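Notes for the one structure printed next.
Residue numbers run from 1 in the order of the sequence given. Only a predicted model underlies this, so the values are computations on that prediction, with no experimental measurement involved.
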Amino acid sequence: MKKHTEFTFNLPALRIMENEHHLLRYLMADWHPIALSFERNAYTIEQGYQAIQLLRTKMMEFLDPFQNHLKKEEEYLFPLLSQYVGNEQGPVLAVEEEHKEIEAYIGHFLHHTNGDVKELSLQQMKDIVRDVGEAFEVITFHFVKEESVIFPMVKEILSPTEQYTLFEKLYSSII
């Protein structure tokens, strides 16, 4: 089994996207255990207040690089692939829909933790944090889908010139 720090693709454009996935997985590993602890009822109400505030901070730190990554895919990668496979149905449409789903989960969590969390019960905090857990699951599956379906399509379908142009457009930091 491949380690999460190993690369699968040699194509420069795909190496950039895969590297961003590695970074985002690293950041996810920083906030997901907090969500799991809520799920496992590991917190008292006072611990919950501290944990949900920490989780909000970590989600805010995650959000910018994540949204920058999605923007690159939506502006450069998906339109290029859509020229060959369309976007009315199939893998491009599916991953674009997942972007919306992930942003909705994270947005819902951030909306409900924007005020004074001390007004929330432990059960309410647990219910709100469930969105973070759902986001983690969708993101994890999403990355697997991109790496096993979308990225191989780029390698197989795009011409070398298109691959290089994609690389030039993707070559920027998400942080």
Side-chain angles (χ1 to χ4, degrees), residues 1-37 39 55 57-110 129-175:
M1 181 173 187
K2 164 182 109 121
K3 294 179 185 176
H4 73 88
T5 56
E6 293 176 349
F7 291 100
T8 302
F9 300 96
N10 292 326
L11 191 66
L14 297 178
R15 181 64 65 95
I16 290 170
M17 300 307 286
E18 194 176 10
N19 191 45
E20 290 177 4
H21 284 185
H22 290 315
L23 170 65
L24 293 167
R25 283 184 181 111
Y26 173 81
L27 295 173
M28 290 165 58
D30 201 30
W31 53 258
H32 187 238
I34 300 169
L36 289 176
S37 292
E39 186 179 311
L55 181 57
T57 299
K58 291 186 180 296
M59 292 305 297
M60 295 294 292
E61 291 168 355
F62 173 77
L63 194 56
D64 278 345
F66 183 68
Q67 287 178 325
N68 290 338
H69 174 76
L70 298 185
K71 184 178 177 184
K72 285 171 138 183
E73 291 178 341
E74 292 170 359
E75 286 184 10
Y76 307 119
L77 178 62
F78 298 158
L80 195 55
L81 277 180
S82 293
Q83 293 176 15
Y84 294 95
V85 300
N87 63 357
E88 300 293 321
Q89 62 181 3
V92 173
L93 178 63
V95 292
E96 287 178 322
E97 291 297 320
E98 288 169 358
H99 285 187
K100 294 174 189 168
E101 182 181 5
I102 295 162
E103 288 179 323
Y105 281 127
I106 294 171
H108 188 256
F109 168 77
L110 293 174
V129 170
R130 190 173 295 125
D131 284 335
V132 173
E134 292 295 330
F136 179 87
E137 296 298 326
V138 176
I139 293 167
T140 300
F141 180 72
H142 177 77
F143 287 169
V144 169
K145 187 184 297 180
E146 285 183 343
E147 292 170 6
S148 63
V149 177
I150 299 294
F151 293 0
M153 288 172 61
V154 168
K155 188 176 176 184
E156 296 300 319
I157 294 174
L158 300 184
S159 71
T161 302
E162 289 170 316
Q163 292 171 356
Y164 184 77
T165 301
L166 181 62
F167 165 73
E168 287 181 321
K169 291 177 178 179
L170 295 176
Y171 190 76
S172 65
S173 175
I174 60 172
I175 295 181

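- Here the straight-line distance linking atom CG of Leu14 with atom CE of Met153 works out to 11.5 Å at 0.5 Å rounding.
- Residues Glu134 and Glu101 are not in side-chain contact: their nearest non-hydrogen atoms beyond the backbone lie 4.5 Å or more apart.
- Residues satisfying the ring pair (Phe, Tyr, Trp, His ring centres under 6.0 Å) criterion with His32, sequence neighbours excluded, are Phe136.
- For Glu168, the side chain to side chain donor-acceptor pair (under 3.5 Å) criterion is met by Tyr164, not counting sequence neighbours.
- Across all their heavy atoms, Phe109 and Asp131 have their closest contact at N-OD2, 4.1 Å.
- When only modelled atom types and interatomic distance are considered, Glu73 and His99 share a side-chain donor-acceptor pair under 3.5 Å.
- Side-chain N or O atoms of Asn19 include none that pairs as donor or acceptor with a backbone N or O of Arg15 at under 3.5 Å.
- Remark: aromatic rings of Phe167 and Tyr171 are close, center separation under 6.0 Å.
- For the atom pair CD of Gln67 and CD1 of Ile102, the computed distance is 11.0 Å after rounding to the nearest 0.5 Å.
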* Given Glu20 and Leu23, is the side-chain contact (heavy atoms from CB on, under 4.5 Å) satisfied, shown in steps? -> CA-CA 5 Å; Glu20 290 177 4; Leu23 170 65; 5.6 Å; no

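- The two residues Leu170 and Ala13 make their nearest non-hydrogen contact at CD1-O, 3.7 Å.
- Interatomic distance, CG of Leu70 versus CG of Leu24, reported as 8.0 Å (0.5 Å rounding).
- Of all the heavy atoms in Ile106 and Ala135, the pair that sits closest is CG1-CB, 4.0 Å.
- Take Tyr84 and apply the side chain to side chain contact (heavy atoms under 4.5 Å, CB included) test, not counting sequence neighbours, and it matches Ile157, Leu158, Glu162.
- The distance from atom CZ of Phe143 to atom CE of Met17, rounded to the nearest 0.5 Å, is 9.0 Å.
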* To do: Carefully, step by step, assess Leu110 and Met60 under the rule side-chain contact (heavy atoms from CB on, under 4.5 Å).
  => CA-CA 8 Å; Leu110 293 174; Met60 295 294 292; 3.6 Å; yes

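- Counting only distance, with no hydrogens or angles, the side chain of Glu96 and the backbone of Glu74 share no donor-acceptor pair below 3.5 Å.
- The environment of Lys145 atom NZ is dense: over 12 non-hydrogen atoms of other residues, nucleotides or ligands sit within 6.0 angstrom.
- Closest non-hydrogen pair, Thr140 versus Met28, comes out as OG1-CE, 3.7 Å.
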* Step by step, would you call Glu88 with Leu93 a side-chain contact (heavy atoms from CB on, under 4.5 Å)? -> CA-CA 6 Å; Glu88 300 293 321; Leu93 178 63; 5.9 Å; no

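- Shown here for Gly133 and Ala35, the closest heavy-atom pair between the two residues is N-CB, 4.3 Å.
- Here OG1 of Thr8 is found 11.5 Å from NE2 of His21. Values are rounded to the nearest 0.5 Å.
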* Carefully, step by step, assess Lys100 and Glu97 under the rule salt bridge (Lys or Arg N to Asp or Glu O under 4.0 Å). => CA-CA 5 Å; Lys100 294 174 189 168; Glu97 291 297 320; 3.5 Å; yes

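- A salt bridge does not link Glu61 with Lys58: none of the charged nitrogens is closer than 4.0 Å to a carboxylate oxygen.
- Here the CG atom belonging to Leu27 is positioned 9.5 Å from the CH2 atom belonging to Trp31, to the nearest 0.5 angstrom.
- When all heavy atoms are compared, the tightest approach of Glu18 to Phe9 is OE1-N, 3.1 Å.
- Counting heavy atoms from C-beta on, the side chains of Ile139 and Phe66 come closer than 4.5 Å.
- Taking 4.0 Å as the cut-off between side-chain N and carboxylate O, Glu147 and Arg25 count as a salt-bridged pair.
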* Phe62 vs Val132, side-chain contact (heavy atoms from CB on, under 4.5 Å): CA-CA, chis, key distance, verdict -> CA-CA 12 Å; Phe62 173 77; Val132 173; over 6 Å; no

